[in-house]
Amino acid sequence: MSTLFINARLIDPEAGTDTLGMVLVQNGRIAAVDRNSTGAAALLSARNIGQDGVTQVDCGGKCLAPGIVDIGVKVCEPGERHKESYKSAGLAAAAGGVTTIVTRPDTAPAIDSPETLEFVTRRAQADTPVNVLPMAALTKGREGREMTEIRFLMDAGAVAFSDCDHVVQNTKVFQRALTYARSCGALVIAHPQEPGLSAGASATSGKLAALYGLPSVSPMAERMGLDRDIALLEMSGAKYHADQITTARALPALERAKANGLDITAGTSIHHLTLNELDVAGYRSFFKVKPPLRSEDDRLAVVEAVRTGLIDVISSMHTPQDEESKRLPFEEAAAGAVALETLLPAALRLYHDGLLDMPALFRAMALNPAKRLGLDSGRLTEGAPADLVLFDPDVPFVLDRFKLRSKSQNTPYDGQRMQGRVEATYVAGEPVYRRT
């Protein structure tokens with residue numbers, strides 16, 4: 001069976017185009033892309049395909065784009081299944097147009113052994129309708145003392161290694177881990193922060209933090225952490241990805257590292273692109289994330305870095321926290337927010353504000369993360385996997401967090417007006433979500 005998507009607004013991040021056309025899917029892959037409006041009959045005839053065996057999907061002029069590849073999703077198995085399971089995370093991802101989730105190892109216990117990795121892989125395959133690629137911890141227990149068995153974990157399916165927000169403080173341990181990762185061809189994902197300065201912080205230094213009496217951290221902590229990591233990259237030559245760059249002060253160092261030929265990429269979260277430090281006013285703990293929300297100047301600088309390609313990846317940094325963890329005084333509340341379902345509509349705010357065009361958005365949400373992980377997805381080209389999202393970028397709605405499919409519903413966008421909604425999500429050409 002084949003599927004032909006007609007009357008679609010094709011978003012191609014690789015070509016940088018946004019045009020009307022058609023996409024033919026066969027055997028789970030994209031068989032043809034027509035941007036010349038030659039007509040369905042002519043497209044099928046050119047490939048000796050009869051119309052009787054083809055299912056046509058009329059997109060009605062809505063956007064058809066590569067499915068989102070989301071690096072840094074926390075699924076709370078093992079250990080905290082009440083916050084998020086692979087089943088609930090998979091449903092949320094499908095509803096959000098995310099066709100591949102790259103899961104973090106900051107579970108309880110941490111995913112630091114082949115046995116734990118195989119457990120979560122089996123659970124993901126059984127319960128999740130989208131693609132799941134697991135990361136593993138860089139050091140045992142994410143304690144920063146002894147590196148994990150990187151080669152064995154790669155053989156078990158780990159696509160990257162990270163201690164997440166537990167910065168490896170021992171520079172010698174981190175340098176050895178980077179050197180060994182290079183010998184294995186492994187990607188290391190790090191959280192650039194100077195841990196001494198950022199310990200205990202729940203806001204960014206500034207007038208608001210002082211007014212509210214919140215423990216805060218200077219944006220320089222991110223710059224200092226990145227500077228250290230870049231120096232170690234020069235020593236080791238490893239493949240490195242910074243999970244979140246959120247301040248303007250860190251951007252010149254990132255630009256120099258790329259210009260010097262280091263194998264470095266960087267990401268940022270959708271929350272740091274669409275929210276700022278003023279949103280925590282009133283001690284609203286659903287806006288508490290890690291690193292803390294930054295100034296408006298920092299936000300705009302990071303958006304511009306995404307536009308120019310200096311920052312490569314936009315991710316959800318999906319971090320489920322239950323009500324008991326969030327309904328606390330701001331300093332004590334857990335950091336993090338769910339974002340699998342809100343990633344696309346929140347990102348479309350940048351499009352509607354004229355800050356990023358559609359191809360640039362999907363370059364950062366689909367193409368670049370796929371390329372960094374060595375995947376052939378994230379593209380709208382012949383031969384690529386038919387992992388697709390069909391969405392209407394203009395439909396307005398008010399977000400109700402209680403309708404989210406995640407077990408935890410800790411979103412900062414609750415009650416906010418959003419614009420843009422997923423109509424359908426396809427993995428290997430098969431629908432895994434349709435809006436009803």
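- Across L153 and A137, no two heavy atoms sit closer than the pair CD1-O, 4.4 Å.
- At a cut-off of 3.5 Å, with distance as the only test, no side-chain donor of Q321 or N410 sits close to an acceptor on the other residue.
- Contact of the R9 side chain with the C59 side chain is not registered, since no non-hydrogen atoms from C-beta on lie closer than 4.5 Å.
- A donor-acceptor pair shorter than 3.5 Å cannot be found between the side chains of D298 and T247.
- Between the side chain of Y413 and the main chain of A346, no donor-acceptor pair closer than 3.5 Å is present.
- With no hydrogens or angles considered, no side-chain donor-acceptor pair links D165 and H191 at under 3.5 Å.
- R29 has no carboxylate O lying under 4.0 Å from a charged side-chain N of D387, or vice versa, which leaves the two without a salt bridge.
- In R182, the CZ atom is not crowded: 12 or fewer heavy atoms of neighbouring residues, nucleotides or ligands sit closer than 6.0 Å.
- Annotation: side chain to side chain donor-acceptor pair (under 3.5 Å) contacts of T246 (sequence neighbours excluded): E222, R294.
- Summarising the geometry, atom CZ belonging to R81 is positioned 14.0 Å from atom OG1 belonging to T107; distances are rounded to the nearest 0.5 Å.
- A salt bridge links R307 to E304: at least one charged side-chain nitrogen sits closer than 4.0 Å to a carboxylate oxygen.
- Under the rule for a salt bridge (Lys or Arg N to Asp or Glu O under 4.0 Å), D112 has no partner lying at least two apart in sequence or in another chain.
- The shortest distance between side-chain heavy atoms of S377 and V69 falls below 4.5 Å.
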Verdict with supporting geometry, M224 and Q193, side chain to side chain contact (heavy atoms under 4.5 Å, CB included): CA-CA 7 Å; M224 294 167 67; Q193 282 292 314; over 6 Å; no
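- With sequence neighbours left out, D414 forms a salt bridge (Lys or Arg N to Asp or Glu O under 4.0 Å) with R401.
- The side-chain heavy atoms of T99 and L388, taken from C-beta on, include no pair separated by under 4.5 Å.
- Interatomic distance, CE of M147 versus OG1 of T179, reported as 9.0 Å (0.5 Å rounding).
- Electrostatic pairing of D227 and R223 counts as a salt bridge here, judged by a charged N lying under 4.0 Å from a carboxylate O.
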Trace of the side chain to side chain contact (heavy atoms under 4.5 Å, CB included) decision for L367 with K371: CA-CA 6 Å; L367 177 63; K371 288 170 66 175; 3.7 Å; yes
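- Electrostatic pairing of E255 and K258 does not count as a salt bridge here, judged by no charged N lying under 4.0 Å from a carboxylate O.
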Audit row: H318, S406, side chain to side chain contact (heavy atoms under 4.5 Å, CB included) steps and yes/no: CA-CA 10 Å; H318 178 82; S406 293; 3.4 Å; yes
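- The two residues A110 and R142 have their closest heavy-atom pair at CB-CG, 4.0 Å.
- Put simply, the side chain of T381 does not reach to within 4.5 Å of the side chain of I30, judged on heavy atoms.
- A salt bridge between D322 and K407 is absent, with no side-chain N of the basic residue lying under 4.0 Å from a carboxylate O of the acidic one.
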Residues F391, F362; criterion ring pair (Phe, Tyr, Trp, His ring centres under 6.0 Å); working and verdict: CA-CA 13 Å; F391 65 98; F362 279 88; 5.6 Å; yes
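- Within 6.0 Å of atom CG in N27, 12 or fewer heavy atoms from other residues, nucleotides or ligands are found, so the atom counts as exposed in its surroundings.
- Proximity of a side-chain donor or acceptor of N170 to a complementary backbone N or O of K172 within less than 3.5 Å is detected.
- Heavy-atom minimum distance, V102 versus M135: CG1-CG, 3.8 Å.
- Each of T17, L348, D12, L10 was checked for a side chain to side chain contact (heavy atoms under 4.5 Å, CB included) with M358, and the lone residue meeting it is L348.
- Residues P291 and V217 are not in side-chain contact: their nearest non-hydrogen atoms beyond the backbone lie 4.5 Å or more apart.
- Proximity of L390 to F5: side-chain heavy atoms (C-beta onward) are nowhere separated by under 4.5 Å.
- Every residue was checked against the ring pair (Phe, Tyr, Trp, His ring centres under 6.0 Å) condition with Y86, not counting sequence neighbours, and none meets it.
- Pairing each heavy atom of E84 with each of P320, the nearest pair is CB-CG, 3.5 Å.
- Residues E146 and T139 bring no donor and acceptor atom of their side chains to less than 3.5 Å of each other.
- Heavy-atom contacts from other residues, nucleotides or ligands closer than 6.0 Å to CZ of R434 number 12 or fewer.
- No donor-acceptor pair closer than 3.5 Å links the side chain of S218 to the backbone N or O of A221.
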Pair R228-T171, side chain to side chain contact (heavy atoms under 4.5 Å, CB included): steps then yes or no: CA-CA 9 Å; R228 182 202 73 154; T171 305; 3.9 Å; yes
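- Here the CG atom belonging to L404 is positioned 12.5 Å from the CG atom belonging to L91, to the nearest 0.5 angstrom.
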Stepwise salt bridge (charged side-chain N to carboxylate O under 4.0 Å, His left out) test for K326 and E323: CA-CA 5 Å; K326 279 292 188 182; E323 296 283 326; over 6 Å; no
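- Counting heavy atoms from C-beta outward, Y351 and L361 have side chains that approach closer than 4.5 Å.
- One finds no salt bridge joining E332 and R327 here, because no Lys/Arg side-chain nitrogen approaches an Asp/Glu carboxylate oxygen to under 4.0 Å.
- Residues D229 and A190 approach most closely at OD2-CB, 3.8 Å, considering heavy atoms.
- Distance check, rounded to the nearest 0.5 Å: CE of M317 to CZ of R104 gives 4.5 Å.
- A donor atom on one side chain and an acceptor atom on the other are not found under 3.5 Å apart for D263 and Y240.
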Listing, residues 418-430 side-chain donor-acceptor contacts under 3.5 Å, not counting sequence neighbours, or none:
from: Q419; atom 1: NE2; to: D394; atom 2: O; distance (Å): 3.3
from: E423; atom 1: OE2; to: R435; atom 2: NE; distance (Å): 3.4
from: T425; atom 1: OG1; to: A94; atom 2: O; distance (Å): 2.6

Residues 116-127 side chain polar contacts: donor-acceptor under 3.5 Å, at least two apart:
from: T116; atom 1: OG1; to: S113; atom 2: OG; distance (Å): 2.9
from: T121; atom 1: OG1; to: L117; atom 2: O; distance (Å): 2.8
from: R123; atom 1: NH1; to: E77; atom 2: OE1; distance (Å): 2.4

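- When only modelled atom types and interatomic distance are considered, S315 and D70 share no side-chain donor-acceptor pair under 3.5 Å.
- The closest side-chain heavy-atom distance from E341 to L399 is not below 4.5 Å.
- A donor-acceptor pair shorter than 3.5 Å cannot be found between the side chains of D312 and T265.
- To the nearest 0.5 Å, atoms CG (N260) and CG (L233) are separated by 11.5 Å.
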